[in-house]
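Take a look at the structure below.
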Number of protein chains: 4
Amino acid sequence: MMARTQGSSGTATFEAIRKAGLRLIYERGYEAMSLRQLASEIGLVQGSLYNHISTKQELLFILISEHMRDLLQHADLALEEAPKPPSGRLAAFVDFHVNYHIDRKREVFISYSELRSLEPKNFEAIVAMRKDYEKKLILILKAGASEGVFTIADPQAVAFGILSMLAGICTWYNPKGRLSRKQISAIFVELVRGAVYDRTSPLVSRPAKGRAGTLV
Amino acid sequence: MMARTQGSSGTATFEAIRKAGLRLIYERGYEAMSLRQLASEIGLVQGSLYNHISTKQELLFILISEHMRDLLQHADLALEEAPKPPSGRLAAFVDFHVNYHIDRKREVFISYSELRSLEPKNFEAIVAMRKDYEKKLILILKAGASEGVFTIADPQAVAFGILSMLAGICTWYNPKGRLSRKQISAIFVELVRGAVYDRTSPLVSRPAKGRAGTLV
Amino acid sequence: MMARTQGSSGTATFEAIRKAGLRLIYERGYEAMSLRQLASEIGLVQGSLYNHISTKQELLFILISEHMRDLLQHADLALEEAPKPPSGRLAAFVDFHVNYHIDRKREVFISYSELRSLEPKNFEAIVAMRKDYEKKLILILKAGASEGVFTIADPQAVAFGILSMLAGICTWYNPKGRLSRKQISAIFVELVRGAVYDRTSPLVSRPAKGRAGTLV
Amino acid sequence: MMARTQGSSGTATFEAIRKAGLRLIYERGYEAMSLRQLASEIGLVQGSLYNHISTKQELLFILISEHMRDLLQHADLALEEAPKPPSGRLAAFVDFHVNYHIDRKREVFISYSELRSLEPKNFEAIVAMRKDYEKKLILILKAGASEGVFTIADPQAVAFGILSMLAGICTWYNPKGRLSRKQISAIFVELVRGAVYDRTSPLVSRPAKGRAGTLV
DNA sequence: TATGAATGAGCTTTCATTCAT
DNA sequence: CATGAATGAAAGCTCATTCAT
C-alpha cells in the first residue's frame with residue numbers, strides 16, 4: 001500500500017517537501033497543515049506535490065518511520081560502544097536519547113504527537129518500532145535490577161517514566177537557551193541514575209553536592 | 001472575549017457537548033474532530049450546537065481552562081494538607097499529580113497536546129496557568145535544595161523532567177491494567193524521590209529493596 | 001396569504017420591530033439583515049419576533065406597503081390644496097415629493113431598492129401602487145402639455161426622469177448638511193420647472209438670476 | 001489586498017464567472033446570490049470557482065471597479081471630442097452618460113445598489129471613483145454658470161439631480177421598448193438643457209414645440 | 001408574550017486528490 | 001516534472017422558522 005512514487009525519493013524537491021513538511025507538521029499538526037501551504041512554501045503548486053509523494057498520509061509515514069528507523073539504528077550504535085555494566089549502559093542510553101532528541105526535536109515530537117493521525121496499518125508499524133526502542137531500555141533496567149545495582153519497582157512503568165521525562169526535553173530545549181545540551185544531558189543522566197539507583201549500594205560517581213550550581 | 005453563550009452553561013445539553021467534545025478531541029485531536037460528529041454523538045443537528053457554544057475554539061478553551069483552574073485549585077488543597085518538610089511536600093505533590101492525571105487523563109492530555117490549537121489570546125491565558133502550576137513544584141524543589149535534602153542540578157529543568165515523566169502516565173494508564181493507581185503513585189513518588197534525593201544524607205523511608213516486586 | 005399576526009400590530013413591541021427593521025433594512029439590505037440582529041436591537045430573542053410578525057417577508061411588505069399607502073394619501077392631500085394650473089400642480093407635486101422623501105428617506109429608499117426582495121404577490125401589489133403614484137405626475141405633465149405650458153417629449157420618460165431625480169435626494173440629504181430642506185425643495189422645483197417649461201411661452205415666476213447664490 | 005487569483009483573469013472560465021456573476025447580482029443582489037447558483041450556471045462545481053476568484057467579495061469588487069474605471073475612461077474620451085462651450089459639453093456628457101448606462105445597465109445598477117455590500121477598503125476606493133465622475137459634471141455646470149449660460153442654484157445638488165435622473169434610465173430601459181436609445185438620449189439631453197438653461201438668455205437650438213411627439 | 005432550544009437548509013470557503021497539457 | 005483547473009466532500013457557521021415551556 002502506498003508505495004512511494006517511483007524515482008522521486010532523494011531528489012532535491014523531495015527533500016524540500018520533507019523538510020517543509022516536517023516543520024509544518026511540527027508547528028501546526030498534521031491535520032492543520034494543508035498541502036497548499038506546504039507546496040507554496042517550496043515554490044510549488046499544490047498538484048505538483050503529487051509528482052513526489054502519493055498522499056499526504058504517505059508523507060507523514062515517511063517522516064515518522066524513517067525517524068524511527070534512524071533512532072533504532074543510532075541507539076544500537078551508541079549501546080555497542082557503551083560499557084557493559086548496566087549503570088554505564090543506562091547512562092549511555094540516556095545520553096544518547098537526550099542528544100538525539102535535542103538534535104531532531106521535530107521528528108521526535110511528531111513521532112509522538114501524530115501517532116493518531118496514522119492510518120491503522122502505518123500506526124501498527126510505528127508502534128512496533130516504538131516497542132523495540134522501549135525494550136532496549138527495559139532490558140537495561142532489568143539487567144541492573146537483577147544485578148542488584150538498580151531498584152526498579154516495575155521495569156515497564158519505570159521505562160515509560162524515563163522515556164516520558166526525556167521526551168519532554170524537546171518541548172522546551174532551545175539552542176540559545178540557558179542550558180547547553182551537554183549540561184542538559186548531564187542533568188538528566190544524573191536524574192535517571194538517582195531515580196533507579198539502589199541506595200543500599202555504595203555511592204559512586206555522584207557529582208559533589210553544590211556543583212550543580214555551575215550549570216545554571 | 002468569547003463569553004460563553006448565555007444561559008447554556010451547566011445545562012444537560014451543554015454537559016453532553018463538553019463530555020463528547022472532550023472524548024473526541026482526546027481521540028482524534030481538535031482539528032480532526034468535526035462539529036458534525038460531535039453533534040451527532042449527542043443526538044443533535046450541527047447548528048444546534050451553537051445554542052450552547054459560540055465557536056469550536058471556545059469549546060476547546062472551556063475544556064482546557066476549566067481543567068487548569070481545577071488543577072491549580074486541587075493542587076493547592078493537596079499541598080495545604082501536606083507536611084511541611086520539602087520531602088513530604090514533594091511526595092504529596094507527586095501523589096496528587098499522578099492521581100489527578102489518572103482521573104482526568106483526557107483533560108490532561110488535550111491540555112498539553114492542543115495548546116497549539118488555541119488562538120493567541122487563549123494560548124497565553126493557558127500558558128500563564130501552566131507556569132503557575134510548574135512554579136509550585138519548582139518552589140518545593142528549591143526549598144528542599146536550600147535545606148540540603150535535595151540535590152537539584154537545575155530546578156527548572158528538573159521540574160520539567162518530573163512533570164513530563166508524570167504527564168506520560170496518562171498515555172498508558174489503563175484502569176483495568178496490571179498496575180493500580182495506588183501502585184503507580186507509589187512507583188512514581190519513589191522514582192522522583194530518588195531522582196532528587198541528596199545521597200550525602202542518610203537514607204530514610206526508602207522501601208526495602210525488592211518489595212516493589214509485589215506491586216507487579 | 002401571510003395575514004399579520006393577530007392583535008400585535010400597533011403594540012409598542014411591534015412598533016419597535018418596525019422601527020429597527022426599517023433602519024436595518026435601510027443600512028444593510030433585506031437579505032443582509034438577520035432577524036437575530038433585529039431582535040437583539042430591541043432586546044428580544046430571535047424567536048420572540050414571531051409573536052409580532054409572521055415572517056421576515058411580511059415585515060418587509062408591511063414597511064413598503066404602508067409607506068406606499070401613506071405616500072399616495074399624502075400626495076392626494078397635497079394636490080387637493082394645490083392651485084389648479086398645471087405649473088402650480090407640478091410645483092406642488094415636486095415640493096411634496098421632495099419633502100416627503102426627505103422626511104422618510106429610509107422608507108423611500110427601501111421601497112425602491114428592496115422591490116426585488118418581495119415575493120411575487122407582494123411585488124405586484126407594490127408595483128401597482130407605484131404606478132398609481134407615477135400616474136399622478138404623468139397626468140400633470142400631460143395636462144401641462146395639452147395646455148401648451150409644458151414641453152414634454154414623452155410624458156412617461158419625463159415622469160420617470162423627474163421621479164428618479166427626486167428619489168436621489170434621499171441618498172445624500174443630510175439634516176445637518178449645507179442645504180436646508182426648504183432650499184433643496186426650491187432647487188428641485190426650479191430644476192423641474194425648467195426641464196419641462198415651454199420656452200416659447202413668456203417667462204413667469206423664475207427667480208432672478210444670481211439669487212441662487214444665497215442658497216449655498 | 002485581495003489580488004486577483006494569479007493567471008486566471010481573462011480566461012474563458014473567468015469571463016463566464018464575471019458574466020454570470022454580473023447577471024445574478026443584478027437580478028438578485030449580491031447577498032442573495034449564492035456561489036452555488038453562480039457555479040452551476042456555468043457548469044462548474046462550487047469549489048472550482050476558487051481557481052478563478054479568491055472570494056465572493058472580490059468578484060463584486062472586480063465587477064464594480066472595472067466598470068468605474070471604464071466609465072471614467074470613456075467619459076474622458078467623450079469629453080475630449082466634445083465642443084468647448086459648456087452647453088455643448090453638457091449635452092455631450094448627458095449623451096455619453098445615457099448611452100453608457102443603456103449599454104451597461106447591469107454594471108451601472110450594481111455599482112449603485114451594491115455599494116453597501118463592499119468591504120470598507122473596497123467601498124472607499126469606489127466612492128473615490130464616483131466622486132471623480134461627479135466632478136466632471138460639476139465642473140461643466142460651474143463653467144456654464146460662470147459664463148452666464150446656465151442658471152445653477154447649487155452645482156453639487158444639480159449635478160446629483162442630473163445624475164440620479166439619468167441613472168434611473170437603466171431601471172426601465174428596454175431594448176425592445178417603445179423608445180430607442182437615440183430617442184431616450186435626445187429626451188434627456190433636452191430635459192437637462194432646460195433644467196439648467198439660463199432663461200434670461202435668448203433661446204437657441206430648442207426643438208420646435210410639438211415635434212417631440214414624433215418620438216413616441 | 002417571552003424564552004431557550006431545536007431544526008433543516010443553506011452559506012462561503014478549504015481540503016486532498018486527479019488529470020490533461 | 002510543473003501547471004492550471006477541475007472535482008466531491010467536508011469544514012465551521014448562520015439562517016428563518018418552530019415549539020414546548
Side-chain angles (χ1 to χ4, degrees), chain A residues 5 7-8 11-14 31-39 42-59, chain B residues 5-8 11-14 31-39 42-59, chain C residues 5-8 11-14 30-39 42-59, chain D residues 5-8 11-14 31-39 42-59:
Chain A
T5 303
S8 64
T11 66
T13 305
F14 178 75
E31 292 280 352
M33 173 195 73
S34 87
L35 292 185
R36 211 189 241 91
Q37 290 169 342
L38 173 53
I42 60 181
L44 283 185
V45 116
Q46 199 173 188
S48 304
L49 292 177
Y50 289 83
N51 290 313
H52 304 276
I53 59 171
S54 60
T55 63
K56 190 187 180 190
Q57 170 75 199
E58 186 208 44
L59 174 60
Chain B
T5 303
Q6 281 294 28
S8 62
T11 67
T13 305
F14 178 75
E31 293 279 353
M33 172 194 73
S34 91
L35 292 184
R36 260 185 191 71
Q37 292 168 344
L38 172 53
I42 60 181
L44 282 185
V45 130
Q46 191 179 198
S48 304
L49 291 177
Y50 288 84
N51 289 317
H52 305 277
I53 58 171
S54 60
T55 61
K56 189 187 181 191
Q57 168 78 196
E58 188 207 42
L59 175 59
Chain C
T5 304
Q6 281 294 25
S8 65
T11 67
T13 305
F14 178 74
Y30 174 76
E31 291 281 351
M33 173 195 73
S34 86
L35 292 186
R36 212 190 239 91
Q37 290 169 342
L38 172 53
I42 59 180
L44 283 185
V45 116
Q46 199 173 188
S48 306
L49 291 178
Y50 288 83
N51 291 313
H52 304 277
I53 58 171
S54 61
T55 64
K56 190 189 181 191
Q57 169 75 198
E58 188 208 42
L59 174 60
Chain D
T5 304
Q6 281 294 30
S8 62
T11 65
T13 305
F14 178 74
E31 293 278 353
M33 172 194 76
S34 91
L35 293 184
R36 254 188 197 72
Q37 292 168 343
L38 173 53
I42 60 180
L44 282 185
V45 129
Q46 193 174 195
S48 303
L49 291 178
Y50 288 83
N51 289 316
H52 305 276
I53 58 171
S54 61
T55 61
K56 190 188 179 190
Q57 169 76 198
E58 188 207 43
L59 174 60

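In what follows, chains carry the letters A, B, and so on, assigned in the order in which the sequence lines appear, proteins first and then strands, with residues in each chain numbered from 1.
Within the 4.5 Å cutoff, the side chain of Leu49(A) has heavy atoms near those of the Ile42(A) side chain. Put simply, the side chain of Leu59(D) does not reach to within 4.5 Å of the side chain of Lys56(D), judged on heavy atoms. A 4.5 Å side-chain heavy-atom check between Leu38(C) and Leu44(C) finds every atom pair outside the cut-off. Within the 4.5 Å cutoff, the side chain of Gln57(C) has heavy atoms near those of the Tyr30(C) side chain.
The distance between atom CG of Leu38(C) and atom C1' of dC15(F), rounded to the nearest whole Å, is 14 Å. Rounded to whole Å, the distance from CD1 on Ile53(D) to C1' on dA6(F) is 15 Å. Rounded to whole angstrom, the span from the CZ atom of Phe14(B) across to the P atom of dA6(E) amounts to 13 Å. In this structure, CG of Asn51(A) is placed 14 Å from C1' of dG4(F), rounded to the nearest angstrom. The distance between atom CG of Leu49(D) and atom P of dT14(E), rounded to the nearest whole Å, is 13 Å. The nearest whole Å value for the distance from the CG atom in Leu44(A) to the P atom in dG4(F) is 11 Å.
For Ser48(D), a side-chain nitrogen or oxygen approaches OP1 or OP2 of dT7(F) to under 4.0 Å. For dA6(F), one of the phosphate oxygens OP1 or OP2 lies less than 4.0 angstrom from a side-chain nitrogen or oxygen of Thr13(D).
Nucleotide dC13(F) is matched to dG10(E) when pairs are restricted to Watson-Crick or G-U wobble geometry with both distances under 3.5 angstrom. Figure legend. dA20(F) is base-paired to dT3(E); pairs are counted as Watson-Crick or G-U wobble with both atom distances under 3.5 Å.
The OH atom of Tyr50(C) sits 7.0 Å away from the OG1 atom of Thr55(C) when rounded to the nearest 0.5 Å. One finds the CD atom of Glu58(A) at 6.5 Å from the CD1 atom of Ile53(A) (value rounded to the nearest 0.5 Å).
With distances taken from any side-chain atom of His52(D) to the nucleotides dT1(E), dA6(F), dT7(E), the minimum falls on dA6(F).
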Distances for protein N/O vs nucleotides 15-17 of chain E N/O pairs under 3.5 angstrom?
| from | atom 1 | to | atom 2 | distance (Å) |
| --- | --- | --- | --- | --- |
| dC15(E) | OP2 | Arg36(A) | NH1 | 3.1 |
| dA16(E) | OP1 | Met33(A) | O | 3.2 |
| dA16(E) | OP1 | Lys56(A) | NZ | 2.9 |
| dA16(E) | OP2 | Leu35(A) | N | 2.9 |
| dA16(E) | N7 | Gln46(A) | OE1 | 3.2 |
| dT17(E) | OP2 | Tyr50(A) | OH | 2.7 |
| dT17(E) | OP2 | Lys56(A) | N | 2.9 |
| dT17(E) | O5' | Tyr50(A) | OH | 3.2 |

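The backbone N or O of Met33(D) lies less than 3.5 Å from no partner atom in the side chain of Gln37(D), so there is not a single donor-acceptor pair.
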